[in-house]
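Below you'll find the structure, written out as structure tokens, and then a few comments.
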There are 2 protein chains.
Amino acid sequence: MRTARERVLSAALELFAEHGVSGTSLQMIADRMGVTKAAVYHQFPTKEEIVLAVIDPVLLSLTPIAASAARRRTPAARRRYVLDAVVDLVVEHRRLSAVLSFDPVVSRLVRQHPSMTVISELVELLTGPDPSPATRVDVAMVAGGLVMAGAESSLSDLPDETLKTHLLKTSLRTLRLNRS
Amino acid sequence: MRTARERVLSAALELFAEHGVSGTSLQMIADRMGVTKAAVYHQFPTKEEIVLAVIDPVLLSLTPIAASAARRRTPAARRRYVLDAVVDLVVEHRRLSAVLSFDPVVSRLVRQHPSMTVISELVELLTGPDPSPATRVDVAMVAGGLVMAGAESSLSDLPDETLKTHLLKTSLRTLRLNRS
DNA sequence: GTCTATAAGGGGATAGAC
DNA sequence: GTCTATCCCCTTATAGAC
């Protein structure tokens, strides 16, 4: 059986995805678990701690990606590695990714998070140094597209592996990395 | 001078973009306008009416796009027309587009909106009939990428025309419409 | 158009029993 | 780990004066 703590996070995640963080009350989380608010407060001292506990593992998983990428020898190999890893991450989390990316409450917490700098690192690994406006737009569209496509309900019929393959192919084409 | 009604919508839009709809109270809107809540209620009977008044013009502007596109003769011309128009729309609204697209409250209202079917029409104009998984992923990534890139703060230094040009070029490449 | 005042309800959060 | 009960604040919304 999952721990009470895990059940809170699971219920919270579903509700955050559906209603956003601000649109989700502790009462709603408790109701979905079939317990009272007080039981939820026994696991987490504040609502903010619940949000942090939901996003933490994803943000922490970004650090090893940047570290591994930095060890590759060529810029092309680094780009390719980051892209592969980000596609994996987005598909692994699918519904969650959109919440993490767009919820205003989450955004504010992410901005203050220790892992925040890693995100800029990953973007820079993709753009290369001193990128042109064209390249910056390309990377922004891929980043946004990956997150959106992962969350897109009309694609929920596609199995993870199929989605991964297509997302990677489309991203490579968008970034003009087809032949590298 | 702008009407009180317009000032409400302008204040609401900024706050929705920053905090989301659920994270924005009527008190915050009133404070930003320098009036009291009751003054806001004099313009709109409910908070939901404010949200609707914010999104209505954008949704209504989708209908003529689909209509004009349908009059083009070839599928390629229709795709190209939709893409041009959507890029224009996204750039025209930039920050707003992300709120409109991802806020859970807005999404629920959009789903019930008369213009809702137009969105599926536009997607179908882009995918063509009976699209493959690959094509569906392509279109989902472009749609998400356009909205995200429009809202991306790191691209806010790019002037509208520059952004438009790059978004269109990148979208065409992603959709493999380079040579059509 | 804007105000004060107020109602009714829900939000986050705490105390203490079991 | 979960409960009941409660506190205080903020929320949406309304009534009526200016």
Side-chain angles (χ1 to χ4, degrees), chain A residues 1-56 99-100 102-113, chain B residues 1-56 99-100 102-113:
Chain A
M1 186 53 168
R2 281 143 79 232
T3 67
R5 196 187 154 89
E6 285 169 330
R7 292 204 312 278
V8 171
L9 293 179
S10 161
L13 182 51
E14 287 175 32
L15 289 163
F16 290 165
E18 194 174 347
H19 304 283
V21 173
S22 291
T24 302
S25 67
L26 289 172
Q27 188 65 65
M28 290 163 78
I29 296 173
D31 286 350
R32 176 153 309 200
M33 297 173 64
V35 298
T36 63
K37 274 194 294 180
V40 177
Y41 272 110
H42 184 72
Q43 308 298 329
F44 295 93
T46 64
K47 183 180 175 182
E48 185 172 304
E49 287 295 322
I50 299 178
V51 181
L52 280 173
V54 167
I55 65 182
D56 239 44
V99 194
L100 276 168
F102 307 122
D103 189 287
V105 176
V106 175
S107 297
R108 213 165 297 121
L109 289 175
V110 167
R111 243 173 274 139
Q112 301 160 0
H113 197 279
Chain B
M1 186 54 167
R2 281 141 81 231
T3 66
R5 196 188 153 90
E6 285 168 330
R7 292 204 311 279
V8 170
L9 293 179
S10 161
L13 183 50
E14 288 175 32
L15 289 163
F16 290 167
E18 195 173 346
H19 305 283
V21 173
S22 291
T24 302
S25 68
L26 291 173
Q27 187 65 65
M28 291 163 77
I29 296 174
D31 286 350
R32 175 153 310 199
M33 296 173 66
V35 298
T36 63
K37 276 189 298 178
V40 177
Y41 272 111
H42 183 72
Q43 308 298 329
F44 296 93
T46 63
K47 182 179 175 183
E48 184 172 305
E49 286 295 322
I50 299 178
V51 180
L52 279 173
V54 167
I55 65 181
D56 238 44
V99 194
L100 278 167
F102 306 122
D103 189 286
V105 175
V106 175
S107 297
R108 212 165 296 120
L109 288 174
V110 167
R111 243 173 274 138
Q112 301 161 0
H113 197 277

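Letters A, B, ... are given to chains in the order of the sequence lines, protein chains preceding strands, and every chain is numbered from 1. All values below come from the heavy atoms of this structure, side chains included, with hydrogens, waters and symmetry mates left out.
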#### Entry: Exercise: identify the closest heavy-atom pair between B:Phe44 and B:Ala53
CE2-CB, 3.8 Å
### Passing candidate, side chain to side chain donor-acceptor pair (under 3.5 Å) with B:Ser10, options B:Arg5, B:Arg32, B:Arg2
B:Arg2
### Task
Have a look at B:Thr24 and say if it touches a base, only the backbone sugar-phosphate, or nothing, with a 4.0 Å heavy-atom cut-off.
sugar-phosphate
### Message
Could you tell me how far apart B:Ile50 (CD1) and D:dT11 (P) are, to the nearest whole angstrom?
### Response
14 Å
### Message
Measure CD1/A:Ile29 against P/C:dG10 and give the value in whole Å, please.
### Response
17 Å
### Task
Rounded to the nearest angstrom, tell me the gap between atom CD in A:Gln27 and atom P in C:dG9.
15 Å
### Query
How close or far is atom P of C:dA13 from atom CD of A:Gln43, stated in whole angstroms?
15 Å
### Shortest non-hydrogen contact between A:Gly23 and A:Met28, atoms and distance
O-SD, 3.5 Å
### Message
I need the NE2-P distance between B:His42 and D:dA13, as an integer number of Å.
### Response
17 Å
### Task
Would you state whether a donor and an acceptor, one from the side chain of B:Lys37 and one from the base of D:dT12, lie under 3.5 Å apart?
yes
### Message
Please determine whether a side-chain nitrogen or oxygen atom of A:Arg2 lies at a distance below 4.0 Å from atom OP1 or OP2 of D:dG1.
### Response
no
### Message
Can you give me the closest heavy-atom contact between A:Lys47 and A:Thr24, atom names plus distance?
### Response
NZ-O, 2.7 Å
### Task
Taking all heavy atoms of B:Gln43 and all of B:Val8, pick out the closest pair and write down the distance.
CG-CG2, 4.1 Å
### Query
Once you round it to whole Å, what is the distance between P of D:dT12 and CZ of B:Phe44?
15 Å
### Query
How close or far is atom C1' of D:dT2 from atom CG of A:Asp31, stated in whole angstroms?
15 Å
### Message
Of the listed nucleotides (D:dG1, D:dT12, D:dC3), which one gets closest to any side-chain atom of B:Tyr41?
### Response
D:dT12
### Query
What integer distance in Å separates A:Met33:CE from D:dC3:C1'?
14 Å
### Summary
Picking from C:dG12, D:dA13, C:dT4, the nucleotide nearest the side-chain atoms of B:Thr46 would be D:dA13
### Task
Between D:dA13, C:dC3, C:dT14, spot the one nearest the side chain of B:Ala38, thanks.
C:dC3
### Task
Ignoring backbone atoms, test whether A:Ser25 places a side-chain nitrogen or oxygen under 4.0 Å from the OP1 or OP2 oxygen of C:dG11.
yes
